[in-house]
Amino acid sequence: MRTVFLRLLPHPILSLLLTVVWLLLVNSFSLGTLVLAVILGLVIPVLTAAYWPDRPRVPRLGRLAVYLVIVMWDILVANVTVAFIVLFRSNRAMRTHWVVIPLDLKTPEAIAILAGTITLTPGTVSADLSAEGRCLLVHTLDTADPDEESKGIKNRYERRLKEIFE
Amino acid sequence: MMTLAFIVSFFCVSLAQVLAMVRLIKGPCVGDRILALDTMAVNAIALLILLGLAGGTQIYFEAALIFAMLGFVSTVAYARFVLRGDIIE
Amino acid sequence: MTMEIADIAIALALLSGAFFTLVGSIGLLKLDTPMKRVHAPTKAGTLGVGSFLLASMIDGFAYRGGSLHELLIMAFLFVTAPISANFISKVNMHRGDIDPTPPPPGERTWATFNTGPADKAGDGPM
């Protein structure tokens with residue numbers, strides 16, 4: 001029973017995403033478009049299943065939603081901060097640093113989301129991952145204390161991502 | 001009021017596009033030029049959406065979507081070419 | 001009355017979008033090192049386009065009976081902006097146009113500099 005289910009629906013989240021994207025592309029809701037969207041969402045993952053052999057673990061969706069709300073709020077704050085720094089600080093007064101963040105996360109999806117979050121939030125851009133994937137190199141635009149920044153990121157984002165994915 | 005908002009927005013986005021083009025010409029590093037091209041693609045999406053809003057039509061939406069995708073793919077392709085000397089390995 | 005409120009909301013979204021787009025490009029021109037320049041357009045430019053799309057969505061709901069497909073562009077931009085920034089940082093590191101980077105603790109090097117034997121065989125474009 002379980003193998004039949006896996007064969008017919010190899011990636012449930014991908015199916016859901018394809019359905020929603022098709023409905024958004026059509027941009028008008030009727031029963032016909034919904035049926036076509038569901039058909040596409042069911043058929044495309046089955047046809048392309050050979051290229052996606054790994055099944056990523058389904059994250060805790062409720063906590064992921066909370067995380068997304070926090071990140072959106074931080075993006076708004078980040079943009080006001082960065083706009084202020086860009087417009088009113090001279091180049092010489094900015095204290096840029098390289099910050100190395102040791103990672104506790106193991107799953108690639110979680111690390112990718114953490115790197116994306118760091119880039120979109122206040123004054124930090126994630127530049128590179130170390131060769132074995134255990135630290136993240138982050139560039140900060142204007143911070144007084146790099147260690148404090150690293151601790152803040154670990155506390156605010158990495159702890160939550162660890163709860164969601166691991 | 002709406003007309004004024006549209007005029008200000010068109011002016012700001014066009015000015016942003018010109019500033020990005022100055023950085024594209026000035027360089028001095030390859031990374032700056034790629035970044036300037038990426039910024040210009042994003043600003044072009046903004047201009048297309050503004051045109052659609054000001055004209056009250058939906059026909060620019062698909063163009064904006066394709067600009068978003070092609071802008072991202074070309075940025076990655078260019079960066080990858082500089083990094084590896086090859087795009088498809 | 002509701003039309004007026006919608007108009008005010010659209011105008012506000014347009015103006016904030018224009019402001020952030022302009023700030024992104026000013027930052028691109030004003031900042032003085034390649035890594036600093038990555039900061040301004042990736043954040044401010046993305047939010048600027050996001051505001052324009054928000055204006056378009058309000059317009060759709062106020063005058064055309066609803067439209068949500070702007071969410072597609074918005075989601076796409078917010079997902080791809082960090083990836084572009086990451087690739088541009090890698091280019092900057094690779095070309096050596098920036099301050100030297102600190103070594104990762106407990107490991108050999110950063111992924112950009114981690115070249116295998118296959119990479120060393122052929123010459124790059126430089």
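Sequence lines set the chain letters: A, B, ... in the order given, protein chains first and strands last, and positions in each chain run from 1. Keep in mind that the numbers below use all heavy atoms, side chains included, and drop hydrogens, waters and symmetry copies.
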J.: May I ask you to name which of A/Val99, A/Leu23, A/Leu87, A/Val80 has the most heavy-atom pairs under 4.5 Å with chain C?
T.: A/Leu87
J.: Below 4.5 Å, heavy-atom pairs only: which of A/Val20, A/Asn79, A/Val125, A/Ile118 has the largest tally toward chain C?
T.: A/Asn79
J.: If you compare all heavy atoms of C/Ala85 against all heavy atoms of A/Thr119, which two are closest, and at what distance to 0.1 Å?
T.: CB-CG2, 3.9 Å
J.: Taking 4.5 Å as the heavy-atom cut-off, does anything in residues 15-25 of chain C contact chain A, and if so which residues?
T.: C/Phe19, C/Phe20, C/Val23
J.: So A/Thr96 and C/Met35, side chain to side chain contact (heavy atoms under 4.5 Å, CB included) or not? Walk me through it.
T.: CA-CA 9 Å; A/Thr96 59; C/Met35 272 315 291; over 6 Å; no
J.: Checking A/Ile75 against chain C: side chain, backbone, both or neither under 4.5 Å from a heavy atom?
T.: side chain
J.: If you count heavy-atom pairs under 4.5 Å between each of C/Leu71, C/Thr42, C/Leu68, C/Thr46 and chain A, which one has the most?
T.: C/Leu68
J.: Could you list the residues that satisfy ring-ring contact (aromatic ring centres under 6.0 Å, His included) with A/Phe84, not counting sequence neighbours?
T.: A/Phe88
J.: Listed by chain and number, what are the side-chain hydrogen bond (donor to acceptor under 3.5 Å, both in side chains) partners of C/Ser84, not counting sequence neighbours?
T.: none
J.: Are more than 12 heavy atoms from other residues, nucleotides or ligands located less than 6.0 Å from atom CH2 of A/Trp98?
T.: yes
J.: Determine whether A/Ser126 and C/Asn86 satisfy the following criterion, side chain to side chain contact (heavy atoms under 4.5 Å, CB included), listing intermediate values before the conclusion.
T.: CA-CA 6 Å; A/Ser126 58; C/Asn86 190 271; 4.1 Å; yes
J.: Of all of C/Lys36, C/Lys30, C/Lys43, which one pairs up most often with chain A through heavy atoms under 4.5 Å apart?
T.: C/Lys43
J.: Taking only residues at least two apart or on different chains, which pairs with a member in residues 23-32 of chain A satisfy salt bridge (Lys or Arg N to Asp or Glu O under 4.0 Å)?
T.: none
J.: So which atom in A/Asp128 and which in C/Lys90 form the shortest heavy-atom distance, rounded to 0.1 Å?
T.: OD1-NZ, 2.9 Å
J.: Do C/Val38 and A/His139 make a side-chain contact, defined as non-hydrogen atoms from C-beta onward lying under 4.5 Å apart?
T.: no
J.: Go through the atoms of A/Thr140 and report whether side chain, backbone, both or neither lie under 4.5 Å from a heavy atom of chain C.
T.: backbone
J.: Under 4.5 Å, counting heavy-atom pairs only, tell me which of A/Leu120, A/Val26, A/Ile113 racks up the most with chain C.
T.: A/Leu120
J.: In terms of heavy-atom pairs under 4.5 Å with chain C, which of A/Val21, A/Leu76, A/Val82, A/Thr124 leads?
T.: A/Thr124
J.: For C/Pro82 and A/Gly116, work out which heavy atoms get closest and say how close.
T.: CB-CA, 3.6 Å
J.: Given that the side chain runs from C-beta out, which part of A/Leu136 has a heavy atom under 4.5 Å from chain C: side chain, backbone, both or neither?
T.: backbone
J.: At a 4.5 Å cut-off on heavy atoms, which part of A/Ile85 comes close to chain C: side chain, backbone, both, or neither?
T.: backbone
J.: Would C/Leu72 and A/Leu25 satisfy side chain to side chain contact (heavy atoms under 4.5 Å, CB included), going step by step from the backbone distance to the final call?
T.: CA-CA 8 Å; C/Leu72 270 181; A/Leu25 269 177; 3.7 Å; yes
